[in-house]
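Only heavy atoms go into these numbers, but all of them, side chains included; no hydrogens, no water, no symmetry mates.
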Amino acid sequence: MDDETADEPVPVRRTVDQGTARLLPDVDRPRAWLLTVDDAPQSYVDLGDPAHLEFEYTRRIAHVLDCAAAPGTPLDALHLGGGAMTLPRYLAAARPGSRQEVVDADRALLGLVAEHLPLPPGSGIEVRADDALAALRERPPGSVDVLVADVFGGSRVPAHLTTLAYARAAAAVLRPEGIYAANLADAAPFAFLRSQMAGFRTAFGEGPGRLCLIAEPAVLRGRRFGNTVLVASRAGLPVERLARLAAGDPFPARVEHGAALERLIGDARPVQESEAAPSPEPPEGSFTVG
């Protein structure tokens, strides 16, 4: 019996810069792990199958990555927020030869992931500990095909990553046809989300199809707090294809764009640095695990 159980994965618990992290093995998938920080789910990764995306919002961002270029074409990608590197691993598998940089402010968390969930050799993924906005401002203009933002301090987006200045810094590093995608969470009346869309509309311009929002209907109707994916591109987005992909997910989502998105934004204004605040605190129990 001891020989049979010797290699079974066991949970890992460690204090990191932003709280207490846990790596929990999935009993149903032998090489899959859930990462939590202070009991809030941060990442799910299957080391044996990087195309398996457990969290719905990661599926939706993956749809954006799939639409960013012809299938298999390598991309230059910048990821703000690392976690267990779910989306960088997905992109490396789907588009071999991609050059990716992952930036995360939590150095201890990056060390935990590197120790227990190492990236495969030759993945093309570079990881560094840094502040997301500082990393954006250091990056050469027009150097990125896709920029993925999934930055949470605990369960909230830090205040300095909610401003118009941040949105403009994100737009600046993208190539003319580059795409930005961000994981954001909110609930009706969507004051935070509306301000973010107003900021990215300003930063990316108001041309047709430059901005869209992917979310479950229940979230859009104000029935519950939940994740949404904000997507922006100066070149216009493939909203019809994104809508088909999102509608085909196990938990179907809608793609809001055009007049419907403008109605949602309403009279919201971009956030200035002097008024910046973190994203709203999720209601108790929204994302926690025991």
Side-chain angles (χ1 to χ4, degrees), residues 18-19 37-38 40-42 55-58 60-61 64 79-81 83 104-105 131-133 136 147-171 179-206 210-233 237 246 251 253-288:
Q18 297 186 8
V37 177
D38 290 341
Q42 298 291 319
F55 293 171
E56 290 302 320
Y57 85 85
T58 61
R60 291 163 193 153
I61 296 178
V64 176
H79 301 261
L80 304 179
D104 197 297
D131 174 76
L133 184 55
L136 277 182
L147 171 53
V148 176
D150 188 12
V151 186
F152 285 80
S155 55
R156 306 176 75 182
V157 178
H160 69 298
L161 303 182
T162 69
T163 68
L164 178 58
Y166 163 75
R168 285 175 168 157
I179 298 179
Y180 174 88
N183 174 32
L184 303 173
D186 201 1
F190 303 117
F192 168 72
L193 186 59
R194 292 169 61 237
S195 73
Q196 296 308 292
M197 292 188 291
F200 277 86
R201 181 179 60 185
T202 299
F204 281 77
E206 297 191 28
R210 294 191 179 193
L211 188 69
C212 75
L213 185 73
I214 311 174
E216 288 183 36
V219 174
L220 291 171
R221 291 172 185 151
R223 294 178 180 172
R224 65 177 181 84
F225 188 97
N227 294 95
T228 66
V229 175
L230 183 156
V231 191
S233 175
L237 296 163
F251 293 93
R254 288 209 322 252
V255 176
E256 296 286 87
H257 62 98
L261 192 67
E262 289 299 318
R263 287 193 296 272
L264 181 58
I265 297 172
D267 60 358
R269 299 181 301 106
V271 177
Q272 303 301 321
E273 291 181 272
S274 61
E275 58 190 11
S279 64
E281 186 80 43
E284 187 175 354
S286 293
F287 300 124
T288 58

| task | Identify the two heavy atoms, one from Val64 and one from Ile179, that lie closest to each other, and give their separation to 0.1 Å. | result | CG1-CG2, 3.5 Å
| request: Please examine the side chains of Glu256 and Ile214, heavy atoms only from C-beta on, and report whether any two atoms are closer than 4.5 Å. | output: no
| said: Nearest 0.5 angstrom please: Cys212 SG to Arg254 CZ, how far? | reply: 13.0 Å
| said: Is any side-chain heavy atom of Leu133 closer than 4.5 Å to one of Thr163? | reply: no
| Between Arg60 and Glu216, does at least one N-O distance fall below 4.0 Å, as a salt bridge requires? | yes
| note | Contacts satisfying side-chain hydrogen bond (donor to acceptor under 3.5 Å, both in side chains) that involve residues 265-274 (not counting sequence neighbours) are Arg194-Asp267
Compile the donor-acceptor pairs under 3.5 Å between side chains in residues 257-264 and protein atoms, sequence neighbours left out, one pair per line.
{"from": "Glu262", "atom 1": "OE1", "to": "Arg201", "atom 2": "NH1", "distance (Å)": "2.5"}

| What residues form a side chain to side chain donor-acceptor pair (under 3.5 Å) with Asn183, not counting sequence neighbours? | Asp150, Asn227
| Any side-chain heavy-atom pair of Leu220 and Thr228 under 4.5 Å | no
| query | Going from CG on Leu213 to CZ on Phe200, what distance comes out if it is rounded to the nearest 0.5 angstrom? | reply | 12.0 Å
| query | Is the shortest heavy-atom distance from the side chain of Phe204 to the side chain of Leu211 under 4.5 Å? | reply | no
| message | Do Phe55 and Pro41 make a side-chain contact, defined as non-hydrogen atoms from C-beta onward lying under 4.5 Å apart? | response | yes
| message | Testing the 3.5 Å rule here: is there a donor-acceptor pair between the side chains of Asp104 and His79? | response | no
| query | Do Leu237 and Arg210 come close enough that some side-chain heavy atom pair is under 4.5 Å? | reply | no
| said: Could you tell me if the side chain of Pro158 sits less than 4.5 Å from the side chain of Val151, heavy atoms only? | reply: yes
| field | Flag side-chain contact, heavy atom, 4.5 Å: Leu184 against Phe190 | value | no
| query | In Å, rounded to the nearest 0.5 Å, how long is the span from CG of Leu164 to CD of Glu275? | reply | 10.0 Å
